[in-house]
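Heavy atoms only: backbone and side chains are in, while hydrogens, waters and symmetry mates are out.
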Amino acid sequence: MAKTCVNFSKKCGGCPLLALPYPRQTAEKQQRLQKLLGGFAPVAPLRTMAEPWHYRNKAIASFATQQGKLVCGLYAEGTHKVLPSADCLLQNEVLNRTLAAVQDAARACRYTAFDEDKRTGLLRHVVLRCSRKGQVLVTLVTPRPELPGSRNFCAALRKKAPWVVSIVQNINPTLSSAVLGNREKTLYGPGFVLDTLCGLQFAISSRSFYQVNPRQTEVLYRAALDAAKLTGKETVLDLYCGAGTITLALAEHAKTAIGVEIVPEAIENAKRNALRNGMENTEFFCADAGQAAQRLAKRGIDVLVVDPPRKGLDATARDAILKMQPPKVVYVSCDPATLARDVAELCGAGYTLEKAQAFDLFPRTFHVETVVLLSKGEVDSKKI
């Protein structure tokens with residue numbers, strides 16, 4: 001069903017494929033993947049969504065002053081012009097309602113938008129994260145630690161949006177493009193929101209890596225587990241583990257699951273998530289993925305799972321994998337181009353691409369997630 005958004009014609013950039021019929025979007029993604037990976041192995045048909053709307057459990061909006069009023073919304077593509085929030089067709093509907101409530105509460109407290117040129121004002125951005133039960137974590141990003149009237153803001157927001165379970169202030173004094181800074185203060189609640197994924201419970205904070213489409217993420221993770229084919233005897237290493245979502249899913253079927261992530265807050269979340277789910281066969285390390293892989297090479301890794309950022313594996317990580325020589329590598333990718341580069345590198349060093357499967361985690365955008373299985377030849381591909 002065709003839908004329209006008031007900000008689409010204003011070059012919002014949030015869903016560039018909105019005007020393209022969904023079957024055509026997915027067909028073009030499939031063609032691109034086949035072109036990039038088809039030389040190594042056939043790509044299985046893209047796993048699509050039956051209802052590709054309101055799937056995002058995370059929203060980021062920026063503040064501005066327009067016609068004398070505080071507004072918040074997305075930047076117009078390629079600019080710092082804020083498009084006032086509308087009912088986004090990609091965000092969970094509870095996030096749309098929460099964003100409106102944040103704007104109203106901030107206006108009631110007479111908060112001002114941060115001006116990058118003058119270095120004045122209180123509010124830079126707001127980051128929202130919601131659980132599948134509709135509970136929301138609100139993170140206000142400010143340039144300085146001071147937030148006058150923060151109690152009044154929390155009370156006003158909770159009155160308008162009682163489903164908000166926690167409110168956090170993140171301090172980002174830099175002028176970089178990064179939304180979040182390194183310091184945070186919890187203003188209300190526990191500082192995180194609880195969510196359930198693959199039957200496991202996770203505490204998600206503002207800086208945790210957590211997939212934004214929970215329905216498709218479960219499909220994606222099941223495919224990764226199917227590719228790993230764990231028997232309960234394996235030692236599994238999960239690089240770029242974030243809050244430990246894949247690590248804990250693997251731990252249910254492995255002897256030991258080790259997670260590595262460079263963000264300290266994410267590792268602390270992962271450790272607490274392991275305790276929360278009673279996963280005693282897990283270990284988590286805060287380190288660069290490549291350096292950690294080199295240190296863990298002597299452990300005898302049976303299955304390596306990697307879920308890197310869009311830039312893919314860096315040279316250190318690729319070198320560590322080749323030194324480690326795990327029999328199986330399950331690669332979860334959010335960028336087909338860097339995936340194809342890394343697959344070519346690994347296949348050139350003796351690995352074989354056994355299986356490739358794509359998943360539409362980001363309908364209405366150009367992005368796509370892919371799971372591939374690479375083996376050193378010990379795996380019988382007929383059983384995959």
Side-chain angles (χ1 to χ4, degrees), residues 33 37-38 40-47 197-200 211 215-242 244-260 270 274 277-284 289 293 296-308 313 317-318 320-334 339-340 342-343 345-347 349-359 361 368-384:
L33 284 161
L37 296 175
F40 301 98
V43 179
L46 183 75
R47 298 290 296 273
L197 190 69
C198 298
L200 300 168
Q211 291 282 9
R215 286 175 285 168
Q216 284 289 82
T217 296
E218 290 188 331
V219 178
L220 177 80
Y221 285 4
R222 282 195 294 269
L225 285 170
D226 288 345
K229 290 202 176 301
L230 301 175
T231 65
K233 300 177 181 180
E234 297 86 357
T235 296
V236 183
L237 174 59
D238 176 20
L239 297 181
Y240 313 94
C241 71
T245 49
I246 296 182
T247 316
L248 297 190
L250 292 164
E252 287 193 297
H253 307 280
K255 178 183 177 181
T256 304
I258 305 167
V260 173
N277 289 282
M279 295 291 185
E280 297 181 356
N281 61 331
T282 57
E283 302 173 36
F284 291 98
L296 294 168
K298 297 179 181 179
R299 292 283 295 268
I301 303 300
D302 300 298
V303 179
L304 174 65
V305 178
V306 294
D307 186 5
L313 301 173
R318 287 197 300 273
I321 292 171
L322 297 178
K323 179 181 178 181
M324 193 182 304
Q325 294 285 303
K328 296 180 187 177
V329 176
V330 179
Y331 192 139
V332 182
S333 167
C334 59
L339 172 64
D342 293 339
V343 165
E345 183 88 12
L346 294 173
C347 287
Y351 278 89
T352 299
L353 180 61
E354 304 282 358
K355 183 178 181 180
Q357 172 77 67
F359 303 82
L361 263 71
V368 64
E369 291 271 333
T370 310
V371 173
V372 303
L373 171 64
L374 297 116
S375 77
K376 283 297 291 182
E378 295 86 348
V379 179
D380 184 353
S381 62
K382 293 181 180 179
K383 295 181 180 180
I384 297 173

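- When all heavy atoms of Val236 and Ala254 are compared, the closest pair comes out as CG2-CB, 3.7 Å.
- The structure places CG of Leu361 at 10.5 Å from CZ of Arg215, a figure rounded to the nearest 0.5 Å.
- Counting only heavy atoms from C-beta outward, the side chains of Leu374 and Cys347 approach each other to under 4.5 Å.
- With rounding to the nearest 0.5 angstrom, the NZ atom of Lys355 is 14.5 Å from the CG atom of Leu37.
- Nearest heavy atoms, Ala251 versus Met279: CB-SD, 4.1 Å.
- Panel note: side chain Asp342, backbone Leu313; a donor-acceptor pair is recorded below 3.5 Å.
- The minimum heavy-atom distance between Cys241 and Thr247, with the atom names listed, is CB-OG1, 3.4 Å.
- Interatomic distance, Lys376 NZ to Gln325 CD, rounded to the nearest 0.5 Å: 4.0 Å.
- With Leu237 as the fixed residue, the side-chain contact (heavy atoms from CB on, under 4.5 Å) test singles out one of Ile321, Val260, Asp302: Val260.
- Across all their heavy atoms, Ala224 and Val371 have their closest contact at CA-CG1, 4.1 Å.
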Inset, instruction - Please step through side chain to side chain contact (heavy atoms under 4.5 Å, CB included) for the pair Glu234 and Lys328, ending with a clear verdict. - result: CA-CA 11 Å; Glu234 297 86 357; Lys328 296 180 187 177; 5.9 Å; no
Inset, instruction - Under the side chain to side chain contact (heavy atoms under 4.5 Å, CB included) rule, what do Glu252 and Leu200 come out as? Steps first, then yes or no, please. - result: CA-CA 10 Å; Glu252 287 193 297; Leu200 300 168; 4.0 Å; yes
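- With rounding to the nearest 0.5 Å, the separation of CG in Asp238 from CG in Leu250 is 6.0 Å.
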Legend entry - side chain to side chain contact (heavy atoms under 4.5 Å, CB included) between Thr245 and Gln211, worked out: CA-CA 9 Å; Thr245 49; Gln211 291 282 9; 6.0 Å; no
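- Considering every non-hydrogen atom in both Leu304 and Pro326, the closest pair reads CB-CG, 3.8 Å.
- Residues Ala317 and Tyr240 share a closest heavy-atom pair of CB-OH, 3.8 Å.
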Legend entry - Evaluation steps, side chain to side chain contact (heavy atoms under 4.5 Å, CB included), between Tyr221 and Leu197: CA-CA 10 Å; Tyr221 285 4; Leu197 190 69; 3.8 Å; yes
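- Distance OG1/Thr231 to NE2/His253: 11.5 Å, rounded to 0.5 Å.
- Summarising the geometry, atom CG belonging to Leu373 is positioned 12.5 Å from atom CD belonging to Gln357; distances are rounded to the nearest 0.5 Å.
- Two residues are said to be in side-chain contact when any heavy atoms from C-beta on lie closer than 4.5 Å; Leu322 and Tyr351 meet this criterion.
- Between the side chain of Glu369 and the backbone N or O of Thr217, no donor-acceptor pair lies under 3.5 Å.
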